[in-house]
Amino acid sequence: AQTVTQSQPEMSVQEAETVTLSCTYDTSESDYYLFWYKQPPSRQMILVIRQEAYKQQNATENRFSVNFQKAAKSFSLKISDSQLGDAAMYFCAYRSAFATSGTYKYIFGTGTRLKVLA
Amino acid sequence: DSGVTQTPKHLITATGQRVTLRCSPRSGDLSVYWYQQSLDQGLQFLIHYYNGEERAKGNILERFSAQQFPDLHSELNLSSLELGDSALYFCASSAGGGPTEQYFGPGTRLTVT
């Protein structure tokens, strides 16, 4: 069964500095998708970044980038030039491709709470 | 504002009861997803509907059911409620049926007493 592990329950970063959040996953599938979601205190879930497993190039969205290591099953999120508004809970998620049965698995990690210090 | 609406915002009910949560997707989105976020279970994917048909099922209990109507709004029905069903229930929508960006609603906070 697929699993997603976020080993850092909480992280802190100084404003304007860089922080990396870790995520590892376990799967026997070769085709899948990985996501990072942000959940600020408002509780609204927001997609931060998305990576297709078949793409070797790491995804980037402005100050957010990932380090995708397929062989190591690692998918870390790097936040550059951290801002106060980045303070939130961050969830890593795995989604399998559609199976022949017409369904897929979608699994979330337990989250990492990021604090940004002024 | 994501454009996804969920009603009600809060719901308090007793064990054994049945409730219905409603979700209206963004205009033009064909997919609706339901998620449960609780302290015990974390964030869990429940079910995905695409254009009225069930597309994928996650950790949805047999006591729970969902449907998507012709106007594309969706309802999540929770029955025989237990204390452990207390959670924040999110709905999300996306344009297609694949793993594209999902837009989340503000959630419905369910408290079972």
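A, B, ... follow the sequence lines: proteins, then strands. Residue 1 opens every chain. Treat the numbers as computed from the prediction; the structure is a model and nothing was measured.
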Checklist entry - Does A:Y94 have its ring centroid less than 6.0 Å away from the ring centroid of A:Y33? => result no
Item to check | Plane angle bin for B:F45 and A:Y104 - parallel if under 30°, tilted between 30 and 60°, otherwise perpendicular | outcome: parallel
Item to check | Which of B:G42, B:G98, B:P99, B:A56 touches chain A most, by non-hydrogen pairs under 4.5 Å | outcome: B:P99
Item to check | Choice from B:Q44, B:K57, B:H48, B:E54 maximising heavy atom contacts with chain A below 4.5 Å | outcome: B:H48
Item to check | A:R50 NZ/CZ over A:F35 ring centroid, <6.0 Å and within 45° of normal | outcome: no
Checklist entry - In terms of heavy-atom proximity below 4.5 Å to chain B, should A:Q39 be classed as side chain, backbone, both, or neither? => result side chain
Checklist entry - So which of B:Y33, B:Y103, B:F90 has the largest heavy-atom pair count under 4.5 angstrom toward chain A? => result B:F90
Checklist entry - For the residue pair A:Y37 and A:Y106, does the interplanar ring angle fall in the parallel (under 30°), tilted (30 to 60°) or perpendicular (over 60°) class? => result tilted
